[in-house]
Amino acid sequence: MKGKKTASSLLAVLMLTGALTACSSSKDNASSNDAAATKSPETSANNTGGVDTSKEAKLTYYLWGSEGVQNKAILAEINKKLKADINTTLEIKYIDWPDIATKYPLLFASGETFDLSHASPGAPVNYYTLASEGALVDITDMLDKVAPKLKAEIPASVWENTKVKGKIYGVPSLYSEYTPSGYAYRVDLLKKYGMEKIASIDDMVKYMDNVVANESFPPINGKAEDAQNMFRMLVDTTGQWLNAPGISTNEINLVTKSAEDYKTVFSPAYTQEFEDWAVKMREWADKGYWGKDVLSSSLGSKDNFRAANSAGYLTHTQDWLGQYGGDKTALPEVETDFYTFAEANKKIKRKMGVDNSTVISVNSENPERSLMVIEKFMTDESYYNLIQNGIEGKQYVMEDGVKKQPAGFNEKTDGGGFAAWSLRNDKFVVPTDTENPIRNSLFAEWDKVAINDPYNGFTFDPANVTTEIASISNVNSQLGIQLMLGKTSKDPKAAVADYREQLKKAGIDKVIAEVEKQLAEFVPVN
């Protein structure tokens with residue numbers, strides 16, 4: 001059965017996303033229609049929370065990632081509890097990582113009947129777009145009747161950040177998280193070179209020079225995707241620059257001068273800082289900071305790092321923290337530290353709950369039961385442990401308050417888990433031996449100085465500049481990436497001049513004008 005299809009501007013976003021899949025993850029595709037369709041609630045009765053649960057509800061929940069070998073067994077345990085408590089069962093379907101850019105937008109644009117999914121402002125079609133296009137159920141009034149415990153669990157300020165035109169369309173996570181980009185490096189090598197810490201680009205250069213001079217592997221040994229990380233480093237280490245909305249699916253995009261001056265948008269390509277950076281990237285490439293085959297390599301920097309074939313890798317903080325167990329397993333004698341690009345300039349952005357939300361499709365036939373399931377996962381520790389950790393004794397054990405893998409655990413036969421990060425709740429999170437123990441102290445420090453994202457809640461409608469965005473992203477996927485990895489055929493300054501000219505022809509000025517036009521009346525929801 002096919003349900004209601006979303007509005008035409010979401011379909012335009014889908015077509016744009018498909019055209020740009022090769023670049024990276026999208027960030028700012030959105031639109032701003034006035035009305036959002038709302039699914040009518042199920043018939044109520046004086047039963048579970050006022051909802052009639054006499055008829056079994058079979059829900060479909062879409063998650064990102066692949067299916068773990070023991071996921072069906074874990075889901076069976078979840079469904080036993082759901083059937084007993086609210087006469088409901090779940091079927092989980094998966095959108096594998098390489099398919100997210102195309103299949104996730106299609107999930108909503110096709111009109112497929114399903115119930116639950118992950119949503120985020122950074123998803124290939126962002127949360128605000130889905131809400132304003134009528135793809136999600138308005139749960140504002142439903143919360144009091146169906147999920148009062150869930151409503152009380154989440155602070156009012158967090159709910160406020162999920163609102164679109166005063167209505168709530170998603171359940172935000174309650175997980176403290178920061179994801180600034182940076183460089184993970186080996187502490188043993190740092191000490192070997194007589195260094196204490198990497199806290200600046202100059203420190204990073206010194207470390208990388210030592211690696212090139214003393215080791216058989218490069219400082220960074222990744223592939224073309226590292227161009228995005230180099231661009232993030234430029235933005236994060238330059239004044240008070242922040243990434244601005246506009247061009248989707250490519251990190252080589254638009255910036256603003258500061259969190260205060262967030263409505264003045266420009267392309268960094270036309271700045272002296274960008275030209276200087278392009279020159280620096282050529283110098284780094286020529287020094288051997290990464291492989292000569294970086295543009296064609298298929299092996300990522302983390303894989304090479306664990307194979308003892310690099311001195312570090314580029315990623316974001318949360319990923320580095322979560323990689324701790326895998327890094328230690330691969331390199332037991334090696335400790336890593338992390339240089340966070342944005343930290344020195346005090347530009348660590350606080351992630352809001354809406355950054356990871358669970359939403360209900362407007363085509364759901366059981367929206368109230370879907371909300372009840374979300375409440376179970378986020379407020380009942382027994383449900384939480386199953387969806388986040390698996391079956392105790394099989395996927396994990398608890399020892400002295402720390403979550404560990406059971407003795408004899410084999411990932412290939414015993415592994416399982418769901419990418420259900422939107423359902424996380426800090427009060428149920430336990431320390432794990434696979435995550436860097438520095439997480440809590442690091443985040444506590446950042447809590448004191450973090451800034452709010454000034455674009456939280458901004459919904460950009462690309463309809464007037466779809467052609468220009470596609471052309472610009474094509475330029476970025478070719479020459480932009482080459483500039484960030486020092487691999488242009490011309491001198492970098494000449495390549496920057498070509499890049500600027502190509503961006504002009506592609507319509508960069510029109511896109512900037514459109515972004516600023518839509519930002520003019522925008523007020524952040526922080």
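Counting from 1, the numbers follow the sequence of the chain as shown. Only heavy atoms go into these numbers, but all of them, side chains included; no hydrogens, no water, no symmetry mates.
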*Asks:* Could you check Y185, Y313, Y183 and say which one makes a ring pair (Phe, Tyr, Trp, His ring centres under 6.0 Å) with F305?
*Replies:* Y313
*Asks:* Just checking Q272: does its CD atom have more than 12 heavy atoms from other residues, nucleotides or ligands closer to it than 6.0 angstrom?
*Replies:*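 Yes.
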*Asks:* Could you tell me if S422 and H118 have a donor-acceptor pair between their side chains, going purely by distance under 3.5 Å?
*Replies:* yes
*Asks:* Checking the side chain of R439 only, and the main-chain atoms of N436 only, is there a donor and an acceptor separated by less than 3.5 Å?
*Replies:*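 Pair absent, no side-chain N/O of R439 close to backbone of N436.
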*Asks:* For N214 and Y193: C-alpha separation, side-chain torsions, deciding distance, then whether side chain to side chain donor-acceptor pair (under 3.5 Å) applies.
*Replies:* CA-CA 9 Å; N214 295 285; Y193 309 142; 5.1 Å; no
*Asks:* With rounding to the nearest 0.5 Å, note down the distance linking CZ in F231 to CE in M484.
*Replies:*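 If we round to the nearest 0.5 Å, F231:CZ and M484:CE are 7.0 Å apart.
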*Asks:* For the residue pair K349 / N452, report whether a side-chain donor-acceptor contact shorter than 3.5 Å exists.
*Replies:*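 No donor-acceptor contact under 3.5 Å links the two side chains.
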*Asks:* Minimum heavy-atom separation for A419 and W97, please, with both atom names.
*Replies:*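 Of all heavy-atom pairs spanning A419 and W97, the closest is CB-CH2, 4.1 Å.
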*Asks:* Check the pair W284 / V205 against side chain to side chain contact (heavy atoms under 4.5 Å, CB included), numbers first and verdict last.
*Replies:* CA-CA 9 Å; W284 285 17; V205 167; 3.6 Å; yes
*Asks:* Quick one: are E333 and D188 in side-chain contact, heavy atoms under 4.5 Å?
*Replies:*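 When only atoms from C-beta onward are counted, D188 and E333 do not touch, as no gap falls below 4.5 Å.
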*Asks:* Any donor and acceptor pair, going by atom type alone, linking the side chain of T340 with main-chain N or O of A342 inside 3.5 Å?
*Replies:*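 No, the answer is negative, given that no donor and acceptor are paired below the 3.5 Å cut-off.
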*Asks:* What closest approach, in Å, do V212 and G288 show between heavy atoms, and which atom pair accounts for it?
*Replies:* CG2-O, 3.9 Å
*Asks:* Let me see the working for R282 and K487 under side chain to side chain contact (heavy atoms under 4.5 Å, CB included), right down to the final yes or no.
*Replies:* CA-CA 7 Å; R282 171 62 66 82; K487 291 297 181 180; over 6 Å; no
*Asks:* Consider only side-chain N and O atoms of Q323 and D319, and report whether a donor and an acceptor are under 3.5 Å apart.
*Replies:*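 D319 and Q323 do have a side-chain donor-acceptor pair below 3.5 Å.
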*Asks:* Ignoring hydrogens and angles, state whether a donor on the side chain of T336 or R186 is under 3.5 Å from an acceptor on the partner side chain.
*Replies:*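 No, no side-chain donor-acceptor contact under 3.5 Å.
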*Asks:* So with a 6.0 Å cut-off around NZ of K263, is the heavy-atom count from everything else above 12?
*Replies:* yes
*Asks:* Sort out for me which residue in N161, T358, T162 forms a side chain to side chain contact (heavy atoms under 4.5 Å, CB included) with P172.
*Replies:*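 With P172 as partner, side chain to side chain contact (heavy atoms under 4.5 Å, CB included) holds for just one option, T162.
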*Asks:* Determine whether the side chains of N229 and R232 contain a donor N or O and an acceptor N or O closer than 3.5 Å.
*Replies:*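 Result is yes, a qualifying pair exists.
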*Asks:* Could you tell me if W446 and E343 have a donor-acceptor pair between their side chains, going purely by distance under 3.5 Å?
*Replies:*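 Distance-only check passes for E343 and W446.
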*Asks:* Go through the steps to decide whether N71 and Y94 satisfy the test side chain to side chain donor-acceptor pair (under 3.5 Å), and finish with yes or no.
*Replies:* CA-CA 11 Å; N71 278 21; Y94 302 87; 3.0 Å; yes
*Asks:* Near K257 NZ, under 6.0 Å, is it more than 12 heavy atoms from other residues, nucleotides or ligands?
*Replies:*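 12 or below, so no.
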*Asks:* Rounded at 0.5 Å granularity, tell me how far CG in L242 sits from CG in D261.
*Replies:*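 Rounded to the nearest 0.5 Å, the CG-CG separation comes to 10.5 Å.
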*Asks:* For Y127 and D355, does a side-chain donor sit closer than 3.5 Å to a side-chain acceptor?
*Replies:* no
*Asks:* Does any N or O in the side chain of Q388 come within less than 3.5 Å of the main-chain N or O of A420, such that one atom is a donor and the other an acceptor?
*Replies:*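 Checked: pair present.
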*Asks:* Within the side chain of T317, is there an N or O that forms a donor-acceptor pair under 3.5 Å with the backbone of P180?
*Replies:*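 Here the side-chain-to-backbone pair exists.
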*Asks:* Check this for me: K192, atom NZ, are more than 12 non-hydrogen atoms of other residues, nucleotides or ligands nearer than 6.0 Å?
*Replies:* yes
*Asks:* What's the shortest heavy-atom distance between G239 and N345, and which atoms?
*Replies:* O-ND2, 2.9 Å
*Asks:* Determine whether M281 and L485 make a side-chain contact, defined as any pair of heavy atoms from C-beta on separated by less than 4.5 Å.
*Replies:* no
*Asks:* Between Y339 and W320, is the ring centroid distance below 6.0 Å?
*Replies:* no
*Asks:* I would like to know whether N356 and S120 meet side chain to side chain donor-acceptor pair (under 3.5 Å); could you show each step before the answer?
*Replies:* CA-CA 5 Å; N356 287 305; S120 166; 4.8 Å; no
*Asks:* Looking at K517, I'd like to know if its NZ atom is crowded, meaning that more than 12 non-hydrogen atoms belonging to other residues, nucleotides or ligands lie closer than 6.0 Å.
*Replies:* no
*Asks:* Run the side chain to side chain contact (heavy atoms under 4.5 Å, CB included) test on Q318 and Y175 for me, step by step, so that the C-alpha distance in whole Å, both residues' side-chain angles and the decisive distance to 0.1 Å come before the verdict.
*Replies:* CA-CA 12 Å; Q318 188 63 43; Y175 184 67; 3.5 Å; yes
*Asks:* For K328 and P332, indicate whether the former's side chain and the latter's backbone hold a donor-acceptor pair under 3.5 Å.
*Replies:*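 Yes: the side chain of K328 pairs with the backbone of P332.
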*Asks:* To the nearest 0.5 Å, how far apart are OG in S176 and CG in D447?
*Replies:*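 So the gap between those two atoms works out to 6.5 Å.
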*Asks:* Please report the shortest heavy-atom distance between M378 and S173, naming the atom on each side.
*Replies:*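 Distance-wise, the nearest heavy atoms are CE-CA, 4.0 Å.
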*Asks:* What's the shortest heavy-atom distance between P431 and G401, and which atoms?
*Replies:*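 That would be CD-O, 3.4 Å.
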*Asks:* Apply side chain to side chain contact (heavy atoms under 4.5 Å, CB included) to the pair L254 and I512, showing each step before the final yes or no.
*Replies:* CA-CA 8 Å; L254 305 179; I512 291 172; 3.9 Å; yes
*Asks:* Using 0.5 Å steps for rounding, measure from the CG atom of L190 to the NZ atom of K197.
*Replies:* 9.0 Å
*Asks:* Judged by atom type as modelled, is there a donor-acceptor pair below 3.5 Å linking the side chain of Q395 to the main-chain atoms of D414?
*Replies:* yes
*Asks:* Taking the six-membered ring of Y270 as reference, does the cationic atom of K504 (NZ for Lys, CZ for Arg) lie under 6.0 Å from its centre and within 45° of its axis?
*Replies:*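 K504 over Y270 ring: yes.
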*Asks:* Taking all non-hydrogen atoms of both residues, which atom of P121 and which atom of N126 are closest, and how far apart?
*Replies:* O-CB, 3.0 Å
*Asks:* Just verifying a value: how many Å separate L386 CG and E381 CD, rounded to the nearest 0.5 Å?
*Replies:* 11.0 Å
*Asks:* Are S296 and D293 linked by a side-chain donor-acceptor pair shorter than 3.5 Å?
*Replies:* no
*Asks:* Between the main-chain N or O of D203 and the side-chain N or O of S200, is there a donor-acceptor pair closer than 3.5 Å?
*Replies:* yes
*Asks:* Under the 3.5 angstrom rule, does the side chain of N221 hit a backbone N or O of N309 as a donor-acceptor pair?
*Replies:* yes
*Asks:* Give a yes or no answer on whether the side chain of K347 reaches the backbone of D236 with a donor-acceptor pair at less than 3.5 Å.
*Replies:*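 Indeed, once roles are kept as given, a pair shorter than 3.5 Å links the two residues.
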*Asks:* I'd like to know if the side chain of T256 and the backbone of T264 have a donor-acceptor N/O pair within less than 3.5 Å.
*Replies:*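 Yes; judged by distance alone, with no hydrogens or angles, the pair exists.
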*Asks:* For a quick check under 3.5 Å, do Q478 and Q482 share a side-chain donor-acceptor pair by atom type?
*Replies:* no
*Asks:* Please check if the distance between the ring centroids of W64 and Y104 is under 6.0 Å.
*Replies:* yes
